[in-house]
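What follows is a single structure, written as structure tokens, with notes after it.
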Amino acid sequence: MAISISTPTAYFSCFNSSNQSSLPSLPFKPLKFPPFWPWQKVKMGPLTVSPMGFGTWAWGNQLLWGYQESMDTDLQQTFNLAVENGINLFDTADSYGTGRLNGQSEKLLGKFIQEFPGQQMRNDIVIATKFAAYPWRLTPGLFVKACKASLERLQVEQIGIGQLHWSTANYAPPQELALWDGLVAMYEQGLVRAVGVSNYGPKQLIKIHDYLKARGVPLCSAQVQFSLLSMGEDQMEIKKVCDSLGIRLIAYSPLGLGMLTGKYTKSRLPLGPRAFLFRQILPGLEPLLNSLGEIAQRRGKTLSQVAINWCICKGAIPIPGIKTVKQAEENLGALGWRLSSDELLQLEYAASESPQKMIQNIFQTR
């Protein structure tokens with residue numbers, strides 16, 4: 001894939017002065033390049049995707065993220081920057097967008113893809129969208145209808161990964177099988193290239209994997225909240241199940257809704273509902289934030305880049321949300337280098353010493 005000459009300087013921060021001493025000098029030894037470059041890809045089922053994707057939850061969400069339609073031009077520039085520099089995985093959902101803006105995230109993503117000037121890069125984009133398990137979606141046919149509505153909003157003939165947004169096993173078990181059959185029908189009709197799930201716990205993940213496999217449908221991905229703030233027993237068990245079954249783990253909220261960016265404190269909280277959550281959790285994050293800061297300073301990185309890189313080093317594909325060019329540039333700096341084993345241990349120990357953890361999604365099953 002061709003790379004734009006406007007590649008952000010953050011990409012090359014792995015070669016800053018703090019790291020140069022570790023690079024062997026030619027001609028005696030060859031340079032050891034980082035295992036991931038932004039334009040390199042990894043396998044996810046039948047798909048080839050960037051080692052990090054971007055999430056679009058904020059595109060259309062006024063309640064939590066303060067979206068306004070006046071932001072669309074900036075969002076398009078942010079999308080273009082990401083694609084020009086090797087990102088080809090974009091996650092969305094048919095439920096993203098509040099009130100009259102329901103579905104806005106898919107609409108904007110479809111518009112931006114259609115208007116992107118590079119044909120080859122446009123063709124390489126992988127859309128991963130999620131279909132909500134609404135209570136009125138009681139049959140496979142209704143789930144397929146939801147998929148076709150997303151195709152229209154996205155202005156594409158086929159979706160990369162069609163994902164079940166959450167399981168109904170906790171509160172409406174009979175509906176679950178209909179939703180699974182809906183995934184099968186989407187796949188068999190060629191509406192999606194692959195299928196995935198979101199917010200599935202380890203036991204339910206094994207069940208749907210086995211069910212889909214018996215129907216001849218491979219389970220491509222499992223999307224869960226996964227970060228240094230969300231690495232408890234259940235999340236690590238999900239990762240083990242994914243590894244054993246050949247499912248790619250997609251890590252949403254890799255920055256803990258922004259708590260791992262270092263931008264917020266007890267006296268400087270975000271606007272909206274996030275402030276309540278931050279007020280509860282931030283006071284206990286000092287050990288983790290301090291460790292992130294130490295490594296970031298040593299590496300010439302930011303806290304966000306270190307936190308995202310941790311997810312990559314754990315074998316997940318993180319999908320941090322983006323709203324601005326600045327955010328995209330910063331997040332892109334998480335690629336092209338890897339934390340050392342000692343740094344991973346330092347971060348995980350600090351995370352375990354932080355008394356507060358992220359609240360898990362209420363829909364996540366066991």
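- Within the 4.5 Å cutoff, the side chain of Met52 has heavy atoms near those of the Phe54 side chain.
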- prompt: After noting the C-alpha distance and the side-chain angles of Glu330 and Lys263, does the key distance pass the salt bridge (charged side-chain N to carboxylate O under 4.0 Å, His left out) rule?
  reply: CA-CA 13 Å; Glu330 179 175 7; Lys263 299 173 184 176; 3.7 Å; yes
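- Between Asp94 and Ser150, the side chains place no donor N or O within less than 3.5 Å of an acceptor N or O (distance only, hydrogens not considered).
- The shortest side-chain heavy-atom distance between Val83 and Asn88 does not fall under the 4.5 Å cut-off.
- Between Phe79 and Phe90, the ring planes lie tilted relative to each other; the angle falls in the 30° to 60° range.
- With hydrogens and angles left out, the side-chain atoms of Gln305 and Asn309 include no donor and acceptor closer than 3.5 Å.
- Using a 4.5 Å heavy-atom threshold, the side chains of Cys313 and Trp310 count as separate.
- Under the 30°/60° scheme for interplanar angles, the aromatic rings of Trp180 and Tyr200 are found to be tilted.
- In this structure, Cys220 SG and Ile250 CD1 are separated by 7.0 Å, a value rounded to the nearest 0.5 Å.
- Residues Phe112 and Trp59 bring their aromatic ring centres within 6.0 Å.
- Between Leu249 and Ile238, some side-chain heavy-atom pair lies under the 4.5 Å cut-off.
- Leu229 and Leu345 fall into different hydrophobic clusters, defined by Ile, Leu, Val, Met, Phe, Trp and Tyr side-chain heavy atoms under 4.5 Å apart, directly or through other members.
- Of the listed residues (Ile127, Ile159, Leu108), just one forms a side-chain contact (heavy atoms from CB on, under 4.5 Å) with Thr92, and that residue is Ile127.
- Looking at heavy atoms from C-beta onward, Asn199 lies in side-chain contact with His165 at the 4.5 angstrom threshold.
- Across all their heavy atoms, Lys41 and Thr48 have their closest contact at CB-CG2, 3.1 Å.
- Listed for the Ser167 side chain is a donor-acceptor partner under 3.5 Å among the backbone atoms of Ala169.
- The CD atom of Gln225 lies 6.0 Å from the OG atom of Ser227; values are rounded to the nearest 0.5 Å.
- In the model, Glu69 has no side-chain atom that pairs as donor or acceptor with a side-chain atom of Gln104 under 3.5 Å.
- For the atom pair CG (Asn61) and OG (Ser105), the distance works out to 9.5 Å, reported to the nearest 0.5 Å.
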Criterion side chain to side chain contact (heavy atoms under 4.5 Å, CB included) on Lys323 and Tyr67, from CA distance to verdict: CA-CA 9 Å; Lys323 291 195 299 182; Tyr67 167 80; over 6 Å; no
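- Checked by atom type, the side-chain pair Gln163/Ser198 shows no donor-acceptor distance below 3.5 Å.
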- request: Give the C-alpha distance, both sets of side-chain angles, the deciding distance and a yes or no for side chain to side chain contact (heavy atoms under 4.5 Å, CB included) between Phe278 and Lys266.
  value: CA-CA 8 Å; Phe278 280 39; Lys266 289 180 290 185; over 6 Å; no
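- Side chains of Asn123 and Gln119: a donor on one and an acceptor on the other come within 3.5 Å.
- We find the OH-CD1 distance between Tyr187 and Ile161 to be 12.5 Å, quoted to the nearest 0.5 Å.
- Closest of all the heavy-atom pairs between Ala275 and Pro270 is CB-O, 3.2 Å.
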Pair Tyr264-Met259, side chain to side chain contact (heavy atoms under 4.5 Å, CB included): steps then yes or no: CA-CA 7 Å; Tyr264 300 104; Met259 273 184 276; 5.9 Å; no
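- Under a hydrophobic clustering in which Ile, Leu, Val, Met, Phe, Trp and Tyr are joined whenever their side-chain heavy atoms come within less than 4.5 Å, directly or via other members, Tyr349 and Leu292 fall into different clusters.
- In this structure, Ala251 and Ala316 approach most closely via the heavy-atom pair CB-CB, 4.1 Å.
- Residues Leu138 and Met186 are members of separate hydrophobic clusters, defined by side-chain heavy-atom contacts under 4.5 angstrom among Ile, Leu, Val, Met, Phe, Trp and Tyr.
- Met231 is not listed as a side-chain neighbour of Lys314, based on a closest heavy-atom distance of 4.5 Å or more.
- The only option from Ile247, Leu205, Leu179 that meets the side-chain contact (heavy atoms from CB on, under 4.5 Å) definition with Val197 turns out to be Leu205.
- Salt bridge annotation for Lys111-Glu115: present, with a cationic side-chain nitrogen under 4.0 angstrom from a carboxylate oxygen.
- Atom NZ of Lys43 has more than 12 neighbouring heavy atoms from other residues, nucleotides or ligands inside a 6.0 Å radius.
- Here the closest heavy-atom approach between residue Pro254 and residue Ala307 is recorded as O-CB, 4.3 Å.
- One finds the CD atom of Glu343 at 12.0 Å from the CZ atom of Arg338 (value rounded to the nearest 0.5 Å).
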query: So Thr56 and Asp91, side chain to side chain contact (heavy atoms under 4.5 Å, CB included) or not? Walk me through it.
result: CA-CA 6 Å; Thr56 64; Asp91 182 79; 5.9 Å; no
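- Checked by atom type, the side-chain pair Thr168/Glu176 shows a donor-acceptor distance below 3.5 Å.
- Looking only at side-chain heavy atoms (C-beta outward), Gln77 and Thr324 stay at 4.5 Å or farther from each other.
- In this structure the side chain of Leu288 reaches within 4.5 angstrom of the side chain of Leu260, judged on heavy atoms.
- In this structure, Arg122 contributes its side chain and Phe116 its backbone to a donor-acceptor pair below 3.5 Å.
- Checked against Ile208 for a side-chain contact (heavy atoms from CB on, under 4.5 Å), the options Ile206, Asp210, Leu212 give a single hit: Leu212.
- Nearest heavy-atom pair, Gly162 versus Leu183, reported as atom, atom and distance to 0.1 Å: O-CD2, 3.8 Å.
- Side chain to side chain, Thr302 and Ser304 fail the donor-acceptor criterion of an N or O pair below 3.5 Å.
- A distance of 10.0 Å separates CZ of Arg137 from CG of Leu164, quoted to the nearest 0.5 Å.
- Side-chain atoms of Asp181 and Tyr211 include a donor-acceptor pair closer than 3.5 Å.
- Closest heavy-atom contact between Ala328 and Leu81: CB-CD2, 3.9 Å.
- Side-chain contact of Thr129 with Glu106: a donor-acceptor pair under 3.5 Å is present, judged by distance alone.
- Cluster annotation: Leu177 is connected to Phe143 through the hydrophobic network of ILVMFWY side chains, with a link wherever side-chain heavy atoms come within less than 4.5 Å.
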